[in-house]
Asker: 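I'd like to ask some things about the structure below.
Per chain, numbering begins at 1; letters A, B, ... match sequence-line order. These values consider heavy atoms only, across backbone and side chains, with no hydrogens, waters or symmetry-generated copies. Only a predicted model underlies this, so the values are computations on that prediction, with no experimental measurement involved.
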Amino acid sequence: MALDLTFTAEQQRFRAEVRAWLAANVPATPLKTLESEAGFAQHREWERTLARGNYGMITWPKEYGGRGANLIDWLVFEEEYYRAAAPLRVNQNGIFLLGPTLMEFGSAAQKARYLPAMAAGEEIWAQAWSEPQSGSDLAALRATAVREGDSYVLRGHKIWSSRAAFADWAFGIFRTDAAAERHRGLTFILVPLRHPGVRVRGIRQIHGEPGFAEIFFEDARVPVANRLGEEGQGWHIAMATAGFERGLMLRSPARFQVAARRLVELWRSRAASADPALVGRVAQAWMDAEAYALNTYRTASRLMAGGSIGVEASLNKIFWSELDLELHRTAMSLLGTRAELLPGAASEDTDAWLEGFIFSLAGPIYAGTNEIQRNLIAERLLGLPRG
Amino acid sequence: MDFTFTDEQRMMAAAFRELTADLCAPQALRALFDGRDADAQTRWQRLADLGLFGVRAPAASGGLGLADADFVLLAEEAGRAVLPEPLIEQAALAVPALTELADAPAAAALLPSVASGEARVAVAHPQNPLVNAPPGLSHWLLCTPRGILLAAADAVKAPVRASVDAGRRLLEPDLTSVTGGITLVSGARAAEVGARILNRGSVFSAAQCLGLTERMLALASEYAKERVQFGKPIGSYQAVKHHLASVAVKLEFARPVVYAAATRLGGTDARTEACASHAKLAASDAAELAARTAIQVHGAMGYSWELDLHFFMKRAWALAGAWGERSFHARRLQALVCSGLALGPDQTFAATG
C-alpha cells in the first residue's frame, strides 16, 4: 500500500531494542566537546562502544561492520539516538560521507581495508577539499599529486577541514594532471594525517576551540592503492560525496525535532514575559523540523524503491541549515538579556543554546554555501542558464 | 512505512491532468476572466464522465471507494489547472461526509447522485464563510451550531460575492437563515464530522496550492530563460536564480507535509489537526511566495492582464483564505504545539494501524 505512513511491528521492535541499548549505554554525564583533544578521545571511545553494540553504521553490509539495515531502520535508529541525547558522531565524515562513497567507487580491497575500521570507530576521518584560494570555487584547487612509481607525492595546502585537528585520516582531492583545467585532471586520494610530509595545524573557531584545521602536504608520499576510483575521476566522485553530505545522511531530522521540542519548552518557561510574536517562530521551528522529517522519509522511500538523490540534495541542505539557524535565533531571542551568557556563567540553565546558535551559523556555509546550492537548484532543477 | 504513491494513483492523476489540459486551456481561462465563459456545465459534465465525483464514494453508491490519500494528487492537479469548478468540495468533502452520515436516510438517498455529479452540493463551514459553489447548485451541506444540515439550494439565503479569482463562484450563506432542511446529525458527532470537513478542506486546499506553486515556478523559470537583458537571459543572474530556488525549496518541503496530512484525515485528534494546519500553512506560504516571485521575475509583463500568470496568482490568494485563513491555522497550530501535542522524533508517525 502506498503512502503507508505507519511503522511495522518489526520496526517498532527495532526501536525498542535501540531505545533499551541507548538507555543502558549513553554516558550519564555529557562528553567534553569533540573540538578539544580530551573530548575527541572521549567521542572516539563512544564510537567503539557503539561498535560493540553493532550500532556503528547499521545500514552497511554485515561484512563491513553493519547490520544490513534499510534506510527506514536507520531513521528509526537516529530518532532514538537523538531522543537519548547520545554524543555527536565524531566520525561523521567517515561513516556518512566517505563510507557511502567507498561503497560506490571503492575496490573490494579498499572496502575491506577502510569500512570495518570506520564502523568500529578505530579510524576517524576528515575531509580535505577546500584550499585558501578555492572554497566555493572548488574546481580551482591547486594541491597536486604527482605519480612516482607506485606512489603519489602530494603537495599543497588544504584548509577548513572539520575534525582534522585530531583525526587519523583525510580524504582529499588533488590535481594529478597539471595541464588539465578546473574539474578535469583531479583525483580522489585517501591520506593518513599522522604521516611524513603531512602537517596539521588547528584553527580556532569563533567558539574558541580548534574545530577545523589546515593541512600542509609537503612531499607526502602515499601508495597508489590509496587512490579511490580512477585517476582524473576525482571531481565526479567528490560530487557524489557532496550529494551524500547534503542529501540524506549528514543531518538526520531527529536532531532538529529534538531541538524544536526544547525550543517549545523554552517558550513555555518564558511565555509570561516573552514577546508574544515569538510564538509564531516557535511553531514555525516545529513545523520545519517535522517537514524535514517527512521529506527525509519520502527520500528514503524513493531510494528504497530504486531512485537516486540528485539536485534534491541541494534543496535539503538549504532547508535544514536555514531551519536550524532560525530555530536557534528564536531561542536567543527568547533568552533575551541572558542569551550572551557562557555555559556555567548563569545560575539557571541556558541549556547550551548559545553553543547551538554559534554552530548553526556554520550550516549555511559548510557543505557548499547556500548561495552555491541555490545556483545548483536554479541550473539543474529549473534549467536556468549558467551565469 | 512507504512514502511513495502507487502507479494507480499516479495514473489517475495523469488522466485528470490530461482532461484539465483541455478544460482549463489558456483560452478557456481567459474567457472566464473576461466574463465570456459559457462552459461551466460542460466542464462539470466532463468531470462527472471521468468519475471524479465518485472517487471517495463507496462502490455501493457508484463510487471507487478510495481514500483521502488517493485524492491528494487529484487536488494538486486541480490547483495546477486553476480548475474553476468546486470538484474538491463536492468529491472530497461532501461525499465522505454524506458517506459517514449514511445512517441518516436523507444522506444515504442523496449520496449516489452526488457521487455521479448529478446533484451539485455546496459545503458551508464557519471557517469557510465564502463558499465556492458549483454551477446549477442543488443542495447545501451546512455545518451549523445546530448540527450538520442538508438543505435545498433555495432554503438558504446566500448572496453572490464576486471574487478576484473569476474561477470561484462565491456565495455567502447566512447560516442562521436556513429554512427547512434536514438535520443529519447534531451534538458531539456533528462536531466531529464538521472537524473532518474542515481538515479535508484545509489539506485539499493545500494540495491545490502545491500544484499552483509548481505551475507558477515553471512559468517564471521559462520566462527567465527567454527574457534577455544586458545581453543575457535574466535567468543567468544570481539575483533571479536565488529567488526561484527559494520557491523550489518551499515547494519541496510543503509537499510531504500535505501528503502526510492527507493520510490522517479520518481522525480528529490533536495530531490530525496540527498536521492539517501545518499543511495549509506550508502550502499556502509556498504558493504565496511563488506568486510574489513569479510576478517579480516577469517584471511589468507579469503585471499585465494579457499574461496568464494572474490566473494562478489569484487562485493562490483566494485559497490562502479558504478553509481556515492563515491566522486561524497559525493559532490553532501554536496552541497545539505549545500545549498538549506530544512532541519529538518518535511522534511524527503512528504505529501500525
Asker: Under the side chain to side chain contact (heavy atoms under 4.5 Å, CB included) test against A:Trp353, which residue among A:Thr330, A:Leu334, A:Leu327 passes?
Answerer: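 Only match with A:Trp353 under side chain to side chain contact (heavy atoms under 4.5 Å, CB included): A:Leu327.
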Asker: Measuring heavy-atom distances to chain A, does B:Phe253 have an atom under 4.5 Å in its side chain, in its backbone, in both, or in neither?
Answerer: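 Contact with chain A is through both the backbone and side chain of B:Phe253.
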Asker: Please look at A:Tyr297 and chain B and tell me whether the side chain, the backbone, both or neither of the residue comes under 4.5 angstrom of a heavy atom of that chain.
Answerer: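 For A:Tyr297, heavy atoms of backbone and side chain both lie under 4.5 Å from chain B.
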Asker: Within a strict 4.5 Å, meaning less than it, do heavy atoms of the B:Phe16 and B:Val55 side chains meet?
Answerer: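 SC-SC contact between B:Phe16 and B:Val55 ruled out.
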Asker: What part of B:Arg255 gets within 4.5 angstrom of chain A, counting heavy atoms only: side chain, backbone, both, or neither?
Answerer: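 Contact with chain A involves the side chain of B:Arg255 alone.
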Asker: Are A:Asn295 and A:Arg298 close enough that a side-chain donor and a side-chain acceptor fall under 3.5 Å?
Answerer: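 A:Asn295 vs A:Arg298: donor-acceptor pair found between side chains.
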Asker: Are the charged groups of A:Arg182 and A:Asp137 less than 4.0 angstrom apart, N to O?
Answerer: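 Here A:Arg182 pairs with A:Asp137 in a salt bridge, since their nearest N and O are under 4.0 Å apart.
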Asker: Which answer fits A:Gln11, side chain, backbone, both or neither, if we ask what part of it has an atom under 4.5 Å from a heavy atom of chain B?
Answerer: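 The answer is the side chain of A:Gln11.
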Asker: Does the side chain of A:Gln92 come within less than 4.5 Å of A:Arg251's, by heavy atoms?
Answerer: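 Answer yes - side chains close enough.
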Asker: Give me the contact list for residues 376-387 of chain A versus chain B, heavy atoms only, anything under 4.5 Å, ordered by residue number.
Answerer: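 Listed by number, the contacting residues are A:Ile377, A:Ala378, A:Glu379, A:Leu381, A:Leu382, A:Gly383, A:Leu384, A:Pro385, A:Arg386, A:Gly387.
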Asker: Where the side chain of A:His328 meets the backbone of A:Asp324, is there a donor-acceptor pair that is under 3.5 Å apart?
Answerer: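 Between the backbone of A:Asp324 and the side chain of A:His328 there is a qualifying donor-acceptor contact (under 3.5 Å).
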Asker: Can you say whether the rings of A:Phe359 and A:Tyr366 are parallel (under 30°), tilted (30 to 60°) or perpendicular (over 60°)?
Answerer: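 If you compare the ring of A:Phe359 with that of A:Tyr366, the planes turn out tilted.
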Asker: May I ask you to say whether A:Glu265 pairs ionically with A:Arg268, meaning some side-chain N is under 4.0 Å from a carboxylate O?
Answerer: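 Salt bridge between A:Glu265 and A:Arg268, a charged N being under 4.0 Å from a carboxylate O: no.
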Asker: Do B:Tyr259 and B:Phe3 make the cut of ring centroids closer than 6.0 angstrom?
Answerer: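 No; B:Phe3 has its ring centre 6.0 Å or more from that of B:Tyr259.
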Asker: Does A:Arg89 qualify as a cation-pi partner of A:Tyr81, given the criterion of NZ or CZ under 6.0 Å from the six-membered ring centre and within 45 degrees of its axis?
Answerer: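 Yes, A:Arg89 and A:Tyr81 form such a contact.
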Asker: Pick whichever of B:Gly344, B:Cys338, B:Ala330, B:Ser246 has the most heavy-atom pairs under 4.5 Å with chain A.
Answerer: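 Answer, by heavy-atom pair count under 4.5 Å with chain A: B:Cys338.
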Asker: Is the side chain of A:Glu312 donor-acceptor paired with the backbone N or O of A:Gly310 at a distance under 3.5 Å, no angle test?
Answerer: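 It does hold such a pair.
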Asker: B:His329 side chain to B:Ala276 main-chain N or O, any donor-acceptor pair under 3.5 Å?
Answerer: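 A pair under 3.5 Å: no.
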Asker: Which region of A:Ala254, side chain (C-beta onward) or backbone (N, CA, C, O), has a non-hydrogen atom less than 4.5 Å from a non-hydrogen atom of chain B, or is it both or neither?
Answerer: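 Contact with chain B: backbone and side chain both.
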Asker: Heavy atom to heavy atom, less than 4.5 Å: which residues from residues 280-299 of chain B reach chain A?
Answerer: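 Within residues 280-299 of chain B, the residues under 4.5 Å from chain A are B:Leu281.
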Asker: Inspect the contact between B:Asp346 and A:Arg83 and indicate whether a charged nitrogen and a carboxylate oxygen are less than 4.0 angstrom apart.
Answerer: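 Salt bridge flag = yes for B:Asp346 with A:Arg83.
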Asker: Heavy-atom distances under 4.5 Å only: say whether B:Glu222 touches chain A with side chain, backbone, both or neither.
Answerer: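 Neither part; nothing is under 4.5 Å.
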Asker: Of the backbone (N, CA, C, O) and the side chain (C-beta and beyond), which part of A:Val264 lies under 4.5 Å from a heavy atom of chain B, both, or neither?
Answerer: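 Interface part for A:Val264: side chain.
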Asker: Between B:Arg196 and B:Thr268, is any side-chain donor less than 3.5 angstrom from a side-chain acceptor?
Answerer: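 Their side chains do not contain a donor-acceptor pair, so the 3.5 Å distance test is not met.
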Asker: Is it the case that the side chains of A:Asn370 and A:Ser321 hold a donor-acceptor pair, with the cut-off being a distance below 3.5 Å and no angle test?
Answerer: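 Looking only at side-chain atoms, A:Asn370 and A:Ser321 do form a donor-acceptor pair, the distance falling under 3.5 Å.
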Asker: Of the backbone (N, CA, C, O) and the side chain (C-beta and beyond), which part of A:Glu371 lies under 4.5 Å from a heavy atom of chain B, both, or neither?
Answerer: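 When you check distances to chain B, atoms from both the backbone and side chain of A:Glu371 fall under 4.5 Å.
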Asker: Identify which part of A:Phe256 has an atom lying under 4.5 Å from any heavy atom of chain B, answering side chain, backbone, both or neither.
Answerer: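 For A:Phe256, there is no contact with chain B at all, as no heavy atom is under 4.5 Å.
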Asker: Which region of A:Arg255, side chain (C-beta onward) or backbone (N, CA, C, O), has a non-hydrogen atom less than 4.5 Å from a non-hydrogen atom of chain B, or is it both or neither?
Answerer: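 Interface part for A:Arg255: neither.
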Asker: For B:Thr263, is it the side chain, the backbone, both or neither that has a heavy atom under 4.5 Å from a heavy atom of chain A?
Answerer: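 Answer is side chain: those atoms of B:Thr263 sit under 4.5 Å from chain A.
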Asker: Heavy-atom distance under 4.5 Å to chain A: side chain of B:Ala260, backbone, both or neither?
Answerer: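 Both parts, backbone and side chain.
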Asker: Answer yes or no: is there a donor N or O on one side and an acceptor on the other, between the side chain of B:Arg80 and the main chain of B:Glu214, under 3.5 Å?
Answerer: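 No: the side chain of B:Arg80 does not pair with the backbone of B:Glu214.
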Asker: Restricting to non-hydrogen atoms, name the atom on B:Asp68 and the atom on B:Phe204 that form the minimum distance, rounded to 0.1 Å.
Answerer: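 Smallest heavy-atom distance, with atoms named: O-CZ, 3.6 Å.
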Asker: Just so I understand: if I count every heavy-atom pair under 4.5 Å between each of A:Ala259, A:Ser301, A:Ala293, A:Ala289 and chain B, which residue has the most?
Answerer: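 Highest number of heavy-atom pairs under 4.5 Å: A:Ser301.
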Asker: Check each atom of B:Leu244 against the heavy atoms of chain A and say whether the ones under 4.5 Å are side chain, backbone, both or neither.
Answerer: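 For B:Leu244, heavy atoms of backbone and side chain both lie under 4.5 Å from chain A.
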Asker: Considering only heavy atoms, which portion of B:Ser277 lies under 4.5 Å from any heavy atom of chain A: side chain, backbone, both, or neither?
Answerer: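 The answer is neither part of B:Ser277.
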Asker: Side chain, backbone, both or neither: which part of A:Asn316 has a non-hydrogen atom closer than 4.5 Å to chain B?
Answerer: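 For A:Asn316, the contact with chain B is made by backbone and side chain together.
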Asker: What are the two closest non-hydrogen atoms of B:Gly267 and B:Thr272, and how far apart are they?
Answerer: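 B:Gly267 and B:Thr272 have their closest heavy atoms at O-CG2, 3.5 Å.
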Asker: Please name the pair of heavy atoms, one in A:Ala285 and one in A:Leu263, separated by the smallest distance, quoted to 0.1 Å.
Answerer: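 Nearest heavy atoms, A:Ala285 then A:Leu263: CB-CD2, 3.6 Å.
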Asker: Can you tell which part of B:Leu336 gets under 4.5 Å to a heavy atom of chain A, answering side chain, backbone, both or neither?
Answerer: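 Interface part for B:Leu336: neither.
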Asker: Do you know which of A:Ala291, A:Pro253, A:Ala283 has the most heavy-atom pairs under 4.5 Å to chain B?
Answerer: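 Of the options given, most contacts go to A:Ala291.
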